[in-house]
Amino acid sequence: MKILVPIKRVVDYNVKVRVKSDQTGVETANVKMSMNPFDEIAVEEAIRLQEAGTAEEIVIVSIGIKQCQETIRTALAMGADRGILVETEEEVQPLAVAKILKHLVEKESPQLVITGKQAIDDDNNQTGQLLAALLGWSQGTFASKLEFTDDRLKLTREVDGGLETVSLSLPSVVTTDLRLNEPRFVKLPNIMKAKKKQLDIIPMDSLGLDTTSRVKILKVEDPPQREAGIKVDSVEELIDKLKNEAKVI
Amino acid sequence: MGVLVVAEHDNEVLQESTLNAVTAGLEINAEVSVLVAGQNCGGVVDSVGKVAGVSKVLSCEHELYEHQLAESLAGLIASIASDYTHILAAATSQGKNVLPRVAGLLDVAPISDITDIQSADTFVRPIYAGNAIATVQSEDTIKIVTIRPTTFDAAAADGGSAEIVSIDPHDDKQDLSQFMGQELTQSDRPELTSARIVVSGGRGMGSSENFQIIEALADKLNAAVGASRAAVDAGYVPNDYQVGQTGKVVAPDLYVAVGISGAIQHLAGMKDSKVIVAINKDEEAPIFQVADYGMVADLFDVVPKLTESL
C-alpha cells in the first residue's frame with residue numbers, strides 16, 4: 001500500500017517560546033525549527049511498515065514556507081520515498097490543511113494517511129479527524145499500536161482510562177501518540193541520499209481551494225507567571241506549611 | 001437556538017467532565033441541551049436530566065453508539081447541529097476524537113481546549129504547551145469547541161429537571177469502525193483530572209516497583225497518582241497516568257511532584273494547580289521555579305517519611 005504522511009515544521013520542542021511584543025504571535029525568527037515530534041513518530045511508523053513489507057511507497061507532505069523543504073528532507077533521510085511541499089507564506093489552519101490533504105489524497109490514492117495527533121505549536125489536535133471526516137474514512141486517533149489483518153486495521157488507542165482497540169476499514173486516517181514507536185536517528189549517508197529524492201513543490205494558490213482562516217487570532221499573550229515559593233528543610237516543616245499556611249491537607 | 005453539549009459516559013456513569021462542559025455552555029446561553037448517545041444508557045439520561053441548568057436532554061439509544069465511536073457519533077451530532085449555535089464537549093480523549101470530525105462534516109473550523117469564554121464567538125486557549133495564551137474569534141456560524149474541564153466549575157449534579165426527548169439514530173456507514181476491546185486501568189483512587197490532590201512521580205522513581213512509594217503517599221492523602229512522560233515512556237506506569245501538554249491537564253488543590261525535573265511539557269499539564277510541592281534531589285530542577293514548597297532531598301528518604309508522618 002501507499003502511505004501519505006503529512007508533517008509540520010514547528011518551533012523545536014526544547015525552545016522556550018517568546019511572545020512577540022505586538023501580541024500577534026510568538027517569535028519564530030532565528031529560532032530552531034524541527035519536525036513536529038508526533039509527525040516524526042508517524043514517519044517512523046510508515047518506514048517500519050515499509051520495512052515489514054506492508055507498505056510500498058511513503059509520500060511526505062508538508063504545507064508552508066519554502067524552508068519546509070528541510071523538514072521534508074529530514075523525513076526522506078529517515079527513509080521515506082518522495083516529498084510534496086504545498087508552498088505558501090500564509091498561516092494555514094487545520095481545516096484548510098485538511099482540505100489540501102484531501103486534494104492530495106484524491107490525487108495520490110494512498111490506503112493510509114498517518115500523521116501526528118497534534119502539533120506542539122498550536123496544540124489543536126484536529127487535522128487527522130478533519131481529514132477523515134472530509135474523506136468519509138475511518139479514523140484511528142492517538143494510536144499506540146497498528147496491526148493489519150484481512151483488509152482491516154486493528155488499532156490500539158491511548159484513551160483517558162487506558163487503552164482501547166478498534167478495527168478500522170481501509171483506507172484510514174491514523175494519528176500517532178507517543179508510545180507508538182521511537183523514531184530513528186538519521187544517518188549522515190542517508191542525508192546525502194535524501195538530497196537526490198524527488199521533492200515536488202506546488203504553490204498553494206494553484207490548487208484553487210478555500211484556505212481562508214476561519215478563526216481569527218485577536219491576540220497572543222504571555223501566560224500568568226507563577227512565582228517560585230520557598231524551600232523547606234524537613235518533612236515536619238513541609239507538613240506544617242501544607243496544614244497551616246496553604247491549608248490543603 | 002441554544003448550546004448543545006455532548007455527554008461523555010460509559011452507558012452507566014456520566015463522566016464528571018460533562019458537568020464542566022455544561023457550565024461552559026451556560027456561560028454562552030441559558031438554553032443548554034445535552035446529547036446522550038449510547039445503548040442501555042437510561043441511567044445516564046436520568047442523571048443528566050437532574051443536572052442544574054440543563055434545559056433538555058436528547059437521548060439516542062442505539063447499538064451504533066454503544067462505544068461512542070467517532071465515525072457514527074459524529075454523523076449523529078452533525079445531523080442535529082443546525083438547531084444550535086454552539087456544540088461543546090470536554091477536551092478529553094473522547095471529545096478531542098469526536099468534535100473535530102463533526103466540524104469536518106459541517107465545514108467548520110473547530111476550536112480546541114478553551115480555558116475561557118469572552119463572548120459567544122471569542123475564546124481563550126493556551127498554545128505552545130501553555131507558554132502563550134491566544135484569544136481567538138470564530139467566524140463560523142456554528143461554533144464547535146472543546147473546553148478544558150479544569151478551568152470551568154462543574155455544574156451541580158442535582159437540582160435540575162430537564163425535558164427528556166428521544167431522537168432517532170442517524171443512518172450511517174457502520175462498517176468504518178468497530179469496537180474490539182479495552183484495557184482500562186483499575187483503581188480505587190480518585191480520577192486524575194478531578195482529584196483534589198495529585199501525587200506524581202517522574203524518571204527519578206527509577207522503577208515500576210519504586211512507584212509504590214508514590215502510591216502509598218497518594219493513598220494516605222486520598223489522592224490520584226500521576227506521572228511525567230519520562231516515567232510512562234520508561235514503563236513505570238500506564239499511559240493514562242501521564243500529566244502534560246499531550247497527556248492530561250490537572251489543576252488540583254495540591255500537586256506533589258516527586259522526582260520530576262519539570263520539562264515545559266510537564267508544567268503545561270499541572271502549573272494551574274493551587275499549591276505545588278516539589279521533591280527532587282537536583283536543586284537546579286526547573287520544577288522548583290513553579291513550586292510553592294520545594295524540598296531538595298532524596299525522594300527515597302523523604303517520601304516514606306512524609307507518608308508515615310501524615
Side-chain angles (χ1 to χ4, degrees), chain A residues 11 13 16-17 19 26 93-95 98 118 120-126 129-134 137-139 141-142 144 154 158-169 178-179 214-223 226 228-232 235-236 238-239 241-242 246 248-249, chain B residues 69-71 74 92-93 96-97 100-101 103-105 109-113 122 127-140 175-185 221 229 238-240 245-246 253-254 264 271 275 288-296 302 305-306 309-310:
Chain A
V11 173
Y13 77 101
K16 186 160 187 332
V17 295
V19 171
V26 306
Q93 294 181 348
L95 181 62
Q118 82 191 60
I120 60 164
D121 49 7
D122 55 24
D123 285 331
N124 275 315
N125 195 332
Q126 298 172 347
Q129 298 88 312
L130 286 164
L131 177 63
L134 295 181
W137 288 9
S138 62
Q139 68 183 50
T141 53
F142 327 145
S144 66
K154 183 181 165 191
E158 293 197 6
V159 295
D160 287 342
L163 297 170
E164 176 184 273
T165 307
V166 288
S167 163
L168 304 174
S169 64
L178 292 167
R179 260 64 64 176
R214 308 272 195 83
V215 179
K216 210 184 332 177
I217 316 252
L218 300 180
K219 62 178 171 183
V220 174
E221 297 164 290
D222 279 315
R226 212 182 160 106
I230 58 161
K231 292 271 174 24
V232 293
V235 166
E236 292 72 26
L238 177 61
I239 293 175
K241 294 282 184 197
L242 290 176
V248 285
I249 57 170
Chain B
L69 298 177
E71 292 83 350
T92 56
S93 60
K96 290 176 192 170
N97 187 33
R101 190 175 177 104
L105 296 175
I111 298 179
S112 298
D113 206 16
T122 304
I127 55 176
Y128 289 91
N131 287 297
I133 307 291
T135 304
V136 300
Q137 185 174 33
S138 166
E139 293 176 349
D140 284 300
D175 192 44
L176 285 180
S177 167
Q178 290 155 6
F179 177 84
M180 294 179 76
Q182 59 189 9
E183 276 173 60
L184 301 184
T185 305
L221 291 166
R229 176 187 172 183
N239 63 280
D240 50 291
Q245 179 185 18
T246 66
D253 289 347
L254 173 61
I264 53 174
K271 68 179 178 185
V275 176
F288 288 121
Q289 291 163 21
V290 298
D292 300 283
Y293 304 108
M295 204 167 168
V296 182
V302 170
K305 207 183 278 176
L306 181 59
S309 315
L310 281 164

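Since this is a predicted model, take the numbers as computed values, not measurements. We name chains A, B, ... by the order of the sequence lines, and we start the count at 1 in each one.
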Find the one option among [options] whose heavy-atom pairs under 4.5 Å with chain B are most numerous.
options	answer
A:Leu131, A:Val11, A:Leu178, A:Leu134	A:Leu178
A:Asn124, A:Ile217, A:Asn125	A:Asn124
A:Leu168, A:Leu238, A:Asp160	A:Asp160
A:Ala228, A:Ser167, A:Ala133, A:Gly229	A:Ser167

Residue [X] versus chain B: region with a heavy atom under 4.5 Å:
X	result
A:Val232	both
A:Ala132	both
A:Ile239	side chain
A:Leu163	both
A:Leu95	side chain
A:Val26	side chain
A:Pro223	both

If you tally heavy-atom pairs under 4.5 Å against chain A, which of [options] wins?
options	result
B:Thr246, B:Val275, B:Leu310, B:Asp253	B:Thr246
B:Gly104, B:Ser309, B:Gly294	B:Gly294
B:Ser138, B:Ala132, B:Ala70	B:Ala132
B:Met180, B:Gln182, B:Lys271	B:Met180

Rounded to the nearest 0.5 Å, what separates atom [atom1] in [X] from atom [atom2] in [Y]?
X	Y	atom1	atom2	answer
A:Arg179	B:Arg229	CZ	CZ	6.5 Å
A:Glu158	B:Asn239	CD	CG	4.0 Å
A:Leu130	B:Leu105	CG	CG	9.5 Å
B:Ile133	A:Glu221	CD1	CD	8.0 Å
A:Thr165	B:Gln178	OG1	CD	13.0 Å

With distance as the sole test, does A:Arg214 use its side chain to make a donor-acceptor pair with the main-chain N or O of B:Asp140 at under 3.5 Å?
no
Donor-acceptor check, side chain of B:Ser177 to backbone of A:Ser138, threshold 3.5 angstrom: yes or no?
no
Toward chain A, the part of [X] with a non-hydrogen atom under 4.5 Å:
X	result
B:Ile111	both
B:Pro238	neither
B:Ile264	side chain
B:Ala291	backbone

Minimum heavy-atom distance [X]-[Y], with the two atoms named:
X	Y	result
A:Phe142	B:Ser93	CE1-O, 3.3 Å
B:Asn131	A:Lys16	OD1-NZ, 3.6 Å
A:Ile249	B:Leu221	CG2-CD2, 3.7 Å
A:Val235	B:Leu306	CG1-CA, 3.7 Å
B:Asp240	A:Val159	CB-O, 4.0 Å
A:Val17	B:Tyr128	CG1-CD2, 3.4 Å

Decide yes or no on side chain to side chain contact (heavy atoms under 4.5 Å, CB included) for B:Tyr293 and A:Ile230, but give the supporting numbers first.
CA-CA 5 Å; B:Tyr293 304 108; A:Ile230 58 161; 3.7 Å; yes
Begin from the C-alpha positions of B:Asp175 and A:Ser169 and carry the test side chain to side chain donor-acceptor pair (under 3.5 Å) through to its verdict.
CA-CA 7 Å; B:Asp175 192 44; A:Ser169 64; 5.4 Å; no
Taking only residues two or more places apart in sequence or in another chain, which ones pass salt bridge (Lys or Arg N to Asp or Glu O under 4.0 Å) with A:Asp123?
none
I'd like to know whether B:Asp292 forms a side chain to side chain contact (heavy atoms under 4.5 Å, CB included) with A:Lys241, so could you lay out the CA-CA distance, the side-chain angles of the two residues, the decisive distance to 0.1 Å, and finally the verdict.
CA-CA 10 Å; B:Asp292 300 283; A:Lys241 294 282 184 197; over 6 Å; no
So if I apply the side-chain hydrogen bond (donor to acceptor under 3.5 Å, both in side chains) rule between B:Asn97 and each of A:Glu164, A:Gln129, A:Gln139, which one comes out positive?
A:Gln139
